[in-house]
Protein chains: 2
Amino acid sequence: MKSNQLKEVALNQFALHGYQGASLASIANEVGIKKQSIYAHFKSKEELFISTFNDSLDNELQFIKQFMEENHSVPLEEVLYNFLNEYLGRYQKDHNMSFFMRTSFFPPLEFEEQIKSGTNTFVNELESLFLLVFKIRKADLKPSIAPESAMMSFLTIFDGLLVELLYGFPDRLQKRLTSSWNIYWQGITE
Amino acid sequence: MKSNQLKEVALNQFALHGYQGASLASIANEVGIKKQSIYAHFKSKEELFISTFNDSLDNELQFIKQFMEENHSVPLEEVLYNFLNEYLGRYQKDHNMSFFMRTSFFPPLEFEEQIKSGTNTFVNELESLFLLVFKIRKADLKPSIAPESAMMSFLTIFDGLLVELLYGFPDRLQKRLTSSWNIYWQGITE
DNA sequence: GTCTATAGAATGATAGAC
DNA sequence: GTCTATCATTCTATAGAC
């Protein structure tokens, strides 16, 4: 379907140039059609953008849910460390994370409410999934560490590594991952 | 000076709408002049943007350097916790952080090299200042925690809190700050 | 240093033929 | 569903009067 192809190309260009920076002409060009033909699939640039964002959100949600299913019975240390590694590893493969972060961090003001709502869906899902992870494995935590606290702290580190990912220095990212993980794990267990 | 006023307004609009999303007409309008008059101060939109970014970088550097001077002889726990609180508190006061983050995280591709270089100056300065903080107070750390590791982990949490700041939910930010700090401190000391 | 006038290109979008 | 033709608007930028 061509509308999927359009959304795929739009995702890339919005990720690279932002909403205002990406033009319909350029998107159409990459797909191999004229910009006017886009209107046979989407009634406006806004609709294309929102539709792309919704797909992107689904994509992110689908990843974390599938990850949780696959790591259902894995020890705490592995679940957490695998998550960081696998999530960060996705960044290179396609532009979905990049687009989602850009849009969530700095939404075009016209769509602020809609985007914030989508971002919240994602963050809430992340929080409740990891809260469950920590609750189930509560025995591994120090008695003084509440599951909610362990979850919040973990997701803060996760976000911090995303920022480092954007800066684009793999060596520094690796150091931050190793150090953060090491200290975090000592903080919640030993 | 009008050019400073222009940069101030440009900073705000670039922070809110991004480089492509902010127009010279809108900036000039907020200053109270015609868009053509901007060219008496800056030879292009690019120059206005770069000049604004350089000011913004100076501003961020100046803050961290001044903070370090003021917290020169403060105990480790206070230096770190104060830094998080004071830095995060700046976000509401003006748009400098917002502009700097937006530009550093997602630079317009035309200026990618220049922006990355500026961002690196900032990150390197942050890293070396905090490395010193930890080295001087090495006695407070567990023997197994290297100062560099403590610094990297701390800055990851810092970045993670910046992301939460962008999402704009103060309650959640507070929970993340408290949990992260608590676990981090246990990880490096107890 | 600010203005008017204007250029030239690009933008998102519509109408209608095929 | 894609095309050509076209529109109205906006954009950055320049020239020249005051």
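Since we're looking at a predicted model, the values are computed, not measured. Just so we're on the same page: letters track the sequence lines, and every chain starts at 1.
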For the backbone of B:F100 and the side chain of B:S104, can you confirm whether one donor and one acceptor N or O come within less than 3.5 Å of each other? yes
First encountered from the 5' end of DNA chain D, between B:K43 and A:G32: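 Nearest-nucleotide comparison on DNA chain D picks A:G32.
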Which nucleotide, C:dT2, D:dA13, D:dT6, lies nearest any side-chain atom of A:Q36? D:dT6
Given D:dA13, C:dG1, C:dT14, which nucleotide is nearest the side-chain atoms of B:H41?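 Given the options D:dA13, C:dG1, C:dT14, the side chain of B:H41 is closest to C:dG1.
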Separation of B:F122 CZ from B:L57 CG (nearest 0.5 Å):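 CZ of B:F122 is found 8.0 Å from CG of B:L57.
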Between the base of C:dG1 and the side chain of B:K2, is there a donor-acceptor distance below 3.5 Å?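 Flag unset: no donor-acceptor pair detected.
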Go through the N and O atoms of the side chain of B:K35 and the base of D:dT12, and report whether any donor-acceptor pair is under 3.5 Å.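 Flag set: donor-acceptor pair detected.
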For B:F14 and B:F53, I'd like to know if the aromatic rings sit close, meaning centre-to-centre distance below 6.0 Å. no
Between A:F49 and A:F99, ring centroids under 6.0 Å: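 They qualify: ring centres under 6.0 Å apart.
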When you check the phosphate oxygens OP1 and OP2 of C:dA10, does a side-chain N or O of A:S23 lie under 4.0 Å from one of them? no
Whole angstroms only, please: what is the [atom1]-[atom2] distance between [X] and [N]?
{"X": "B:N4", "N": "C:dG1", "atom1": "CG", "atom2": "P", "result": "12 Å"}
{"X": "A:F42", "N": "C:dG12", "atom1": "CZ", "atom2": "C1'", "result": "16 Å"}
{"X": "B:H17", "N": "D:dC11", "atom1": "NE2", "atom2": "P", "result": "11 Å"}
{"X": "A:I33", "N": "C:dC18", "atom1": "CD1", "atom2": "P", "result": "21 Å"}
{"X": "B:K45", "N": "D:dT10", "atom1": "NZ", "atom2": "P", "result": "15 Å"}
{"X": "A:I27", "N": "C:dG12", "atom1": "CD1", "atom2": "P", "result": "8 Å"}
{"X": "B:I38", "N": "C:dT4", "atom1": "CD1", "atom2": "P", "result": "14 Å"}
{"X": "B:Y39", "N": "C:dT4", "atom1": "OH", "atom2": "C1'", "result": "16 Å"}

Classify B:A28 by what it touches in the nucleic acid, base, sugar-phosphate, or nothing, heavy-atom distance under 4.0 Å. nothing
Per the side-chain contact (heavy atoms from CB on, under 4.5 Å) rule, which among A:L131, A:L155, A:L61, A:T121 passes with A:L126? A:L155
